[in-house]
2 protein chains.
Amino acid sequence: MTRLTIALDAMGGDFGPQVTVPASVQALSRFADLNVILVGDEHHIKASLNQLNAQHHSRLSIVHAPDEIPNDMRPSTALRRSHGTSMRVALEKVASGEADACVSAGNTGALMALSKYLLKLLPGIDRPALVTALPGANYQRKWLLDLGANVACDADTLFQFAVMGAVLAEAELGHTPRIGLLNIGEEAIKGNDLVRRCADLLQHSESVRYTGYVEGDQIYTGETDVIVCDGFVGNVALKTSEGVARLIIDKVKAHLHPHPIKRWIAKWLFSDLLNQLQQLKPDQYNGASLLGLRGIVVKSHGRADIAAYENAIFEAVHEVERQIPTKISDRLEAVLLERH
Amino acid sequence: MTRLTIALDAMGGDFGPQVTVPASVQALSRFADLNVILVGDEHHIKASLNQLNAQHHSRLSIVHAPDEIPNDMRPSTALRRSHGTSMRVALEKVASGEADACVSAGNTGALMALSKYLLKLLPGIDRPALVTALPGANYQRKWLLDLGANVACDADTLFQFAVMGAVLAEAELGHTPRIGLLNIGEEAIKGNDLVRRCADLLQHSESVRYTGYVEGDQIYTGETDVIVCDGFVGNVALKTSEGVARLIIDKVKAHLHPHPIKRWIAKWLFSDLLNQLQQLKPDQYNGASLLGLRGIVVKSHGRADIAAYENAIFEAVHEVERQIPTKISDRLEAVLLERH
């Protein structure tokens, strides 16, 4: 592994430096070639570092940027009024080449708008897409995109999402992933015009292994590795999954909680099962990637704890190592050649 | 309860008369004023009735219609080539006034197209909507619509869905239901134009109790009784829910199955919990209603068993008793008056 640098928006998320600083220190101890730039309020960051006795870590630097982008700020406002904020300065470190990737748990809309503005889109990409890994049956990861970066897409945009998702999944899986389009029926006559037009593009492309339509109940259990849809549908599918999983898992916990003996027996006999259920939670993989940019940006959940935030840093490290933007760019060139 | 008659498409669904006939006989024993018209292949129906010793039931009649609509037939084809099929003849019984409602487990697209053609839409309704009840946290039912009758809607159509869902939920709950719009963020700036325009219509209406946007993870656990969205999004949300619930519940079963002692202990100590988990399955309430028509049509799952199909018959009986189409019509008149 070559040396790499991640710029962290240390103030973003519900807990700010209380989470981002310890997660960084843990990530540094795990990756010997990792450098971290903590961007945020110097006073707060140093206080958190002091608590961890890590104020003099040689691979850790601080860039003072005390302002934060509020969670309710519109993307258009964030573009005009974000100078000097921790999120913007962290992204600027990627734009200037000082950092290889940025991680933020801040305002998603602002992060997308600023990333697009500061890092620019890759050639051949109309819109960036937000993608995350999901737990499938049999411990297979799956990827769903777009998760809300774009509420209205055309067939070309969806096709680009398929190409980007294929590149990301292939780097992780090591083989050509199967690409599916989220639709409301498996038969070709079902669905809307957008999905049908994109299916036509995918069927005629040699650059992706398109395997057909996927219905909602096949996202987690089906044979498809990457599931493509517009950002409205993807966001609803992801959040609905999280809601159902939480409802069921909370029901199990609520049932066991008031009974010490049942709790003990459950822990003794069913700990495997309880662990496996936790691993089926759709939000277990923290760190959604913003794909399609000339740079790497990873969005953490706002409410991520230290372990979850560390996961988002790992996701950024992996994408740097795997040179995801370059690979997307190469694949898109192949698509353009295939069309001409 | 006054006398009422349900026309059943006895051939529809994966199991045909093997399920529809026993379910009808059970429903007849539960509702003393119910009459059933079994529409389908007389020979098959009589064979099923003989098995049950119910061939001379006084409230049961048979209408011979041996042809079936295949599951892969397009709606437009079904409109032209369905004369004499069990589904069409059952709907014609409603259109002619011989039956108060129709239940079918057959081709959904064909059922929607034929229902609209034969029964006609209520005044003020542009498109029918498919709605089902879902299990919420704390045993509260919720209703989600549209589930796939319409893949592209405008704001007025979504508004009509809200009114129809409100009427159906109010008849069940006995109080004014809270109506929410499915969206990808709670803040007013989030989401697409369609949802924002419909929110504006709902906010200015006295006819529904609109409570704002609902995100996917709040469908089951939130404070909203009726969740409104277009048919593409609703179908994805429902099927994704079913997929996640099945994934988790199958995991529990697969874990317990190979261990007789664990299975016994689980049954002994956790049977309440296992029952409760079953009750959280999104597809437990069989019987989706097609609203907006001058008649009552209930769609059963194709793979419904006898108990599930009986549930679909009950849903039709309840809608007849509650005069849902008349109530929708009255509510729409109130909406029109409010606008002028």
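Here is the naming used below: chain letters follow the sequence lines, and residue numbers restart at 1 for every chain.
Contacts between B:Ile219 and chain A at a heavy-atom distance below 4.5 Å involve the side chain alone, from C-beta outward. At a 4.5 Å heavy-atom cutoff, the contact between A:Leu247 and chain B is made by backbone and side-chain atoms alike.
Contact record, A:Met87 with A:Ile69: SD-CD1, 3.9 Å, taken as the closest heavy-atom pair.
Under the 4.5 Å side-chain criterion, counting only non-hydrogen atoms from C-beta, B:Ile179 is not in contact with B:Thr224.
Among B:Thr221, B:Thr108, B:Ile248, the residue making the largest number of heavy-atom pairs under 4.5 Å with chain A is B:Ile248.
Only one option out of B:Leu111, B:Leu291, B:Leu114 pairs with B:Val297 in a side chain to side chain contact (heavy atoms under 4.5 Å, CB included); it is B:Leu111.
Summarising the local packing, CZ of A:Arg141 is surrounded by more than 12 heavy atoms from other residues, nucleotides or ligands at distances under 6.0 Å.
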